[in-house]
**Q** 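Before we start, here is the structure in question, set down as structure tokens.
If you're wondering where the values come from, they're calculated on a predicted model, not measured in any experiment.
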Amino acid sequence: LVEGGGEVNASFLLAGLAQRIAFFYAPKIIGGRDAKKAVAGEGLTRPEDWLRLEQAQWRRLGEDWFLTARVQKFDYRESLLGRLAAALARYPFGEAAADGEVVPIKIHFGSRGAIQTIRPAFVAAAVEAVARRGAHPFVTDTVRMLGHEYLAVANRNGYNQASMGCPVLLADGIFGNDSVEVDAGPPVGIQSIASAIHDAPSMVVMSHFKGHIQAGFGGAIKHLAMG
């Protein structure tokens, strides 16, 4: 949902990110050479570039009119998923993972009812990018509850072999005991690292960013440390 001025509206429309629009029309005439526009930006001058609307619906609200419609033109390359896929295609995974190498993709499976984890389609895009380099990816997290229950949560949240296109497993085993002790030096000392992560020559970490009750904002450092 985007609510902004003419430049913000134009940027989303021209980037192909807007799928539905909503406009309010009032029975008033305002304007001028330098008046603010609902859609500004560089504009679309060629008819073939015009954004066409479909499924338009008008509703009267008092003296005003409310218009909603779908934007007919949608370019996958300019969508969030399309841009992620393009960025992954440019990344030199070959410098980090050798052919035939097993590569964990560390994510957070979430909790029951979670809606703030990374969308499965985005994780699947990373899986495809790693696999195209000749490596063998698997999606993983560490045990946060009983292992079989956590895998059920992962499946319910959309992380499974069918949607990911690769194995989805727990890096420290079904009971959370499959780990290797590593001396991390002061001040943390000896730490237990999930064996599937410890034994992997390289890994991919995908972190979601959200408010956290204990840490203010949880990000990649906290996520990697938990893994």
**Q** How does the hydrophobic cluster around I190 look, that is, which other residues are in it when side-chain heavy atoms under 4.5 Å mark a link?
**A** none
**Q** Are there over 12 heavy-atom neighbours, none belonging to L61, within less than 6.0 Å of that residue's CG?
**A** yes
**Q** Just so I know, are the side chains of C166 and M164 near enough to count as touching, which here means a heavy-atom distance under 4.5 Å?
**A** yes
**Q** Kindly state each residue pair satisfying salt bridge (Lys or Arg N to Asp or Glu O under 4.0 Å) with at least one member in residues 83-97, sequence neighbours excluded.
**A** E78-R83
**Q** Determine whether more than 12 heavy atoms belonging to other residues, nucleotides or ligands lie under 6.0 Å from atom CD of E181.
**A** no
**Q** Once rounded to the nearest 0.5 Å, what's the spacing between atom CG of D172 and atom CG of N177?
**A** 8.0 Å
**Q** If you take all heavy atoms of S111 and R144, which pair is closest and at what distance?
**A** OG-NH1, 3.7 Å
**Q** In terms of hydrophobic clusters joined by side-chain contacts under 4.5 Å, are I174 and V143 together?
**A** yes
**Q** Determine, stepwise, if the pair R112 / E149 fulfils side chain to side chain contact (heavy atoms under 4.5 Å, CB included).
**A** CA-CA 10 Å; R112 184 169 299 163; E149 292 183 2; 5.5 Å; no
**Q** In terms of hydrophobic clustering (I, L, V, M, F, W, Y; side-chain heavy atoms under 4.5 Å; direct or indirect links), are V168 and V102 co-clustered?
**A** no
**Q** Which pairs with one or both residues in residues 23-36 pass side-chain hydrogen bond (donor to acceptor under 3.5 Å, both in side chains), sequence neighbours excluded?
**A** none
**Q** Tell me every residue that passes ring pair (Phe, Tyr, Trp, His ring centres under 6.0 Å) with F138, counting only those two or more places apart in sequence or in another chain.
**A** none
**Q** Using the side-chain hydrogen bond (donor to acceptor under 3.5 Å, both in side chains) rule, collect all pairs that involve residues 1-17, keeping only residues at least two apart or in two chains.
**A** none
**Q** Work out which heavy atom in M203 is nearest to a heavy atom in I197; give both atom names and the distance.
**A** SD-CG2, 3.8 Å
**Q** To the nearest 0.5 Å, how far apart are NE2 in H108 and OG in S207?
**A** 10.5 Å
**Q** Just to verify, what does V153 make a side-chain contact (heavy atoms from CB on, under 4.5 Å) with, not counting sequence neighbours?
**A** M145, Y150, R156, N157
**Q** At their closest point, which heavy atom of S202 faces which heavy atom of E101, and how far apart are they?
**A** OG-OE2, 3.1 Å
**Q** How far apart are the closest heavy atoms of D141 and F109, and which atoms are they?
**A** OD2-N, 3.1 Å
**Q** Under the side-chain hydrogen bond (donor to acceptor under 3.5 Å, both in side chains) rule, what pairs show up with a residue in residues 188-201, not counting sequence neighbours?
**A** D178-S195
**Q** Looking at residues at least two apart in the chain, or sitting in another chain, which of them share a side-chain contact (heavy atoms from CB on, under 4.5 Å) with L81?
**A** Y76, S79, A121, F122, A125
**Q** Using residues 127-137 as the side-chain source, report each donor-acceptor pair under 3.5 Å to any protein atom, sequence neighbours left out, with the distance given to one decimal.
**A**
residue	atom	partner	partner atom	Å
R133	NH1	A129	O	3.4
R133	NH2	A89	O	2.9
R133	NH2	Y91	O	3.0

**Q** Going from CG on L170 to OG1 on T140, what distance comes out if it is rounded to the nearest 0.5 angstrom?
**A** 6.5 Å
**Q** Any chain of hydrophobic side-chain contacts (each under 4.5 Å) joining L88 to I118?
**A** yes
**Q** Do P104 and V204 have side chains that get closer than 4.5 Å, going by heavy atoms?
**A** no
**Q** Is it the case that more than 12 heavy atoms not belonging to F66 sit under 6.0 Å from its CZ atom?
**A** yes
**Q** Got a sec, which residues hit side-chain contact (heavy atoms from CB on, under 4.5 Å) with A69, two or more places apart in sequence or on another chain?
**A** I21, L53, A56
**Q** Strictly by side-chain hydrogen bond (donor to acceptor under 3.5 Å, both in side chains), give each pair with a member in residues 158-169 just once, sequence neighbours left out.
**A** T117-Y159, N155-N160, N160-S163
**Q** Are M206 and V139 connected into the same hydrophobic cluster when the rule is that any two of I, L, V, M, F, W, Y join if their side-chain heavy atoms are below 4.5 Å apart?
**A** yes
**Q** Residues in side-chain contact (heavy atoms from CB on, under 4.5 Å) with R20, at least two apart?
**A** Q55, T68, R70
**Q** Work out which heavy atom in A184 is nearest to a heavy atom in V188; give both atom names and the distance.
**A** CB-CG2, 3.4 Å
